[in-house]
Structure formats: structure tokens, C-alpha cells
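What follows is a set of notes on a single structure, which appears directly below.
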Amino acid sequence: MEKYLAPEPIGEGELSDLWRRFKREFTQFLTAIDKNGATEQTKLAIFLRTVGPRVNDMYETMRFEEGEDRTKWSVVSGKLDNACARRTSKHVTRDRFLQQLKQESKSVDQLVVELRTQVRDCDFGGLQDDLVLHVLIRGVSNERMRRRLL
């Protein structure tokens with residue numbers, strides 16, 4: 001039988017970003033180990049075993065309304081979506097995005113991935129691709145490369 005690596009546990013850092021990534025990777029992991037059709041309780045058990053102590057502690061202190069089943073993955077996942085949602089205004093998020101400059105230690109590909117991830121929370125609508133390019137151009141220090149991108 002093939003072995004698939006579970007997602008890395010959620011550690012320190014911006015919880016909204018870490019949760020979004022973990023949930024995506026966890027869903028892929030369930031598919032890889034053929035557990036998408038498993039019971040909600042089994043999915044939750046696998047989740048709690050892989051997510052790490054930070055989110056396990058959140059789970060242990062979660063409040064559940066009457067009728068909400070704390071043993072169901074879909075219920076817990078929804079509660080964590082709400083608990084981990086970024087609570088920053090779109091104006092603050094936009095300002096952070098527009099202030100992004102290329103760091104010498106990052107490749108252009110890494111910067112583009114980072115910018116595309118950040119721009120999702122900015123509510124720019126159809127301007128997302130144009131603004132990613134604008135911030136990328138602004139962050140390029142090589143003048144020849146900058147003119148080429150323009």
C-alpha cells in the first residue's frame with residue numbers, strides 16, 4: 001500500500017492563512033487515502049490527529065449550539081472557518097498588498113504566488129491580475145527587467 005504524508009500541523013503564524021492551507025491539504029489527503037466517503041466521525045478523528053495542538057486546543061474549547069454535533073467533521077470545519085476568518089478590513093488588506101515589495105531572497109515565481117494569495121482577500125474584483133502585475137513591476141529593482149515587464 002502506498003503511504004501519503006498528512007499535511008503539516010498548524011503551528012505559529014497567521015491563523016487564517018495557515019487554516020486555509022491546512023484545510024485544502026487535508027481535503028487532498030482524505031482523497032489520497034480514500035477516506036472522502038468515510039463517516040464524519042472518522043474524518044474528524046483523522047483531522048484531530050493531524051492538525052496539531054494549536055487547533056486541537058481550539059476544538060476542545062469550542063462552544064456548540066443545541067443540535068450541533070461536535071463529532072462531525074463538517075460542523076467542526078465550518079466553526080473553524082468562522083473562527084479563523086481574517087477579520088481585517090478590506091482597506092487594511094489592500095494597503096498591505098499594495099505595499100508589498102520584492103525581497104531579494106524571493107524569486108519572481110515565489111513573489112507572484114504570494115501576491116496572488118494576498119490579492120484574494122482584497123476584494124479588487126476583475127482588477128486582481130492587473131494589480132498583481134503592477135505590484136510585481138513596482139518591486140523589480142532591475143530597471144531593464146522593469147521596462148520589459150511594462
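- Other residues, nucleotides and ligands contribute only 12 or fewer heavy atoms inside 6.0 Å of the CZ atom of Arg21.
- Under the 6.0 Å cut-off for aromatic ring centres, Trp73 and Phe26 qualify, their centroids lying closer than that.
- Using a 4.5 Å heavy-atom threshold, the side chains of Arg20 and Asp17 count as touching.
- Arg70 CZ: more than 12 foreign heavy atoms inside a 6.0 Å radius.
- Side-chain contact between Val76 and Glu40: absent, with no pair of heavy atoms (C-beta onward) separated by less than 4.5 Å.
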Residues Thr42, Thr39; criterion side chain to side chain donor-acceptor pair (under 3.5 Å); working and verdict: CA-CA 5 Å; Thr42 299; Thr39 66; 2.8 Å; yes
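- Cluster annotation: Phe22 and Val113 are assigned to distinct hydrophobic clusters (Ile/Leu/Val/Met/Phe/Trp/Tyr, side-chain heavy-atom contacts under 4.5 Å, transitive).
- Pro9 and Gly52 get closest at one heavy-atom pair: CB-CA, 3.8 Å.
- A donor-acceptor pair under 3.5 Å links the side-chain atoms of Asn56 to the main chain of Leu48, judged by distance alone.
- Counting non-hydrogen atoms of other residues, nucleotides and ligands closer than 6.0 Å to CG of Asn36 gives a total above 12.
- Of the possible polar contacts, one joining the Arg54 side chain to the Gly11 backbone as a donor-acceptor pair under 3.5 Å is found.
- A salt bridge links Glu68 and Lys79; the closest N-O separation between the charged side-chain nitrogens and carboxylate oxygens is under 4.0 Å.
- Distance check: Glu25 CD to Lys23 NZ gives 13.5 Å after rounding to the nearest 0.5 Å.
- A 4.5 Å side-chain heavy-atom check between Trp19 and Asp81 finds at least one atom pair inside the cut-off.
- Using a 4.0 Å cut-off between charged side-chain N and carboxylate O, Arg116 and Asp129 make a salt bridge.
- Using a 4.5 Å heavy-atom cutoff, the side chains of Phe47 and Leu80 are in contact.
- Residues Lys43 and Lys35 are not in side-chain contact: their nearest non-hydrogen atoms beyond the backbone lie 4.5 Å or more apart.
- Ring pair Tyr4/Phe29: centre-to-centre distance not below 6.0 Å.
- By the 4.5 Å heavy-atom criterion applied to side chains, Leu15 and Cys84 are counted as neighbours.
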